[in-house]
Amino acid sequence: MFRLSIGLAAALTLAACSDNEAPQSVEAPAAEPAVLGGVNLDQPVRAVGTEPFWGVSIDTEAVVYSGVDQAERRGANDGVVVQGTTATWSVQPAQGQPFTVTLMATECSDGMSDRLYPLTALVEMGETRLNGCAAPAAALLQGEAAG
């Protein structure tokens, strides 16, 4: 009986202490940025290709395809799916055919310069497959490619 009383008293004491303590706020951990091949995909990224010349700009708002021989296609950036060493955006443009942009964590050369890019790019629009390279947009604006 004595053991039961001590145990009950201890439980009541702990309950009383916890009721008097102010609730502690727990902050949700910040979401980790999506990173592929050292490139932060939460920042603007640019993919480029040759023969034919084309480009894709990806930022937090939109994914925009432009090409020499095709009309610009712009769609909302509904988020990236990262699986292992690939990142994929599925884009439903307001006008034109849907397209998919896949970036792979493999170094890439555009074949026309000495630039090395940290990512390889693939754009698919129906039966059309375009191969190219990708890097952070800021690096390309500065004349660099390797992140």
Side-chain angles (χ1 to χ4, degrees), residues 7-8 10-147:
L8 183 58
L12 290 173
T13 302
L14 287 175
C17 289
S18 64
D19 285 343
N20 293 333
E21 292 178 12
Q24 295 182 2
S25 62
V26 178
E27 291 184 28
E32 291 290 319
V35 176
L36 183 70
V39 175
N40 181 345
L41 301 177
D42 292 342
Q43 297 296 314
V45 175
R46 177 101 173 119
V48 295
T50 59
E51 299 178 26
F53 288 100
W54 60 269
V56 172
S57 295
I58 302 169
D59 63 28
T60 57
E61 302 287 319
V63 179
V64 181
Y65 166 84
S66 57
V68 173
D69 58 348
Q70 293 191 24
E72 179 179 281
R73 296 178 190 185
R74 174 184 298 272
N77 182 346
D78 292 330
V80 62
V81 176
V82 178
Q83 294 181 317
T85 59
T86 64
T88 304
W89 289 263
S90 296
V91 185
Q92 298 291 328
Q95 293 186 352
Q97 185 176 25
F99 62 98
T100 302
V101 178
T102 303
L103 302 181
M104 294 153 274
T106 54
E107 199 170 71
C108 180
S109 170
D110 62 16
M112 295 187 73
S113 69
D114 292 334
R115 255 187 201 172
L116 288 178
Y117 298 75
L119 304 172
T120 298
L122 171 65
V123 176
E124 296 175 285
M125 291 179 280
E127 299 296 317
T128 303
R129 292 174 57 94
L130 302 168
N131 295 301
C133 303
L140 292 177
L141 289 174
Q142 296 171 0
E144 305 167 11

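Predicted model, so just to flag it, every value in this text is computed and none were measured.
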Problem - Min side-chain heavy-atom separation Phe99-Val63 under 4.5 Å - result: yes
Practice task
State, with a plain yes or no, whether a side-chain heavy atom of Leu140 is found less than 4.5 Å away from one of Arg115.
Solution key: yes
Hey, can you pull the donor-acceptor pairs under 3.5 Å for the side chains in residues 47-62, sequence neighbours left out?
from: Ser57; atom 1: OG; to: Arg46; atom 2: NH1; distance (Å): 3.0
from: Asp59; atom 1: OD1; to: Glu61; atom 2: N; distance (Å): 2.8
from: Asp59; atom 1: OD1; to: Ala62; atom 2: N; distance (Å): 2.8

Fill in the blank from the handout: Minimal heavy-atom distance between Cys108 and Thr120, with the atoms involved, is CB-OG1, 3.5 Å
Exercise for the section: Could you tell me which non-hydrogen atom of Pro118 sits nearest to which non-hydrogen atom of Pro136, and how far apart they are? Expected result: CG-CD, 4.3 Å
Practice task
Could you tell me the separation between the OG1 atom of Thr128 and the CG atom of Asp69, rounded to the nearest 0.5 Å?
Solution key: 9.0 Å
Exercise for the section: Taking the side chain as every heavy atom from C-beta outward, state whether Tyr117 and Leu103 have any atom pair closer than 4.5 Å. Expected result: no
Problem - Shortest non-hydrogen contact from Met104 toward Leu122 - result: CE-CB, 4.0 Å
Which atom pairs, donor and acceptor, lie under 3.5 Å between side-chain atoms of residues 80-87 and protein residues at least two apart or in another chain?
from: Thr86; atom 1: OG1; to: Gln83; atom 2: O; distance (Å): 3.1

Practice task
Evaluate the side-chain proximity of Leu130 to Tyr65: yes if any heavy-atom separation is below 4.5 Å, no if none is.
Solution key: yes
Handout entry: Pairwise distance CD(Gln92) to CD(Gln97) - rounded to 0.5 angstrom
Key = 10.0 Å
Handout entry: Contact summary for Gln70 and Met125, nearest pair of heavy atoms
Key = OE1-CE, 3.7 Å
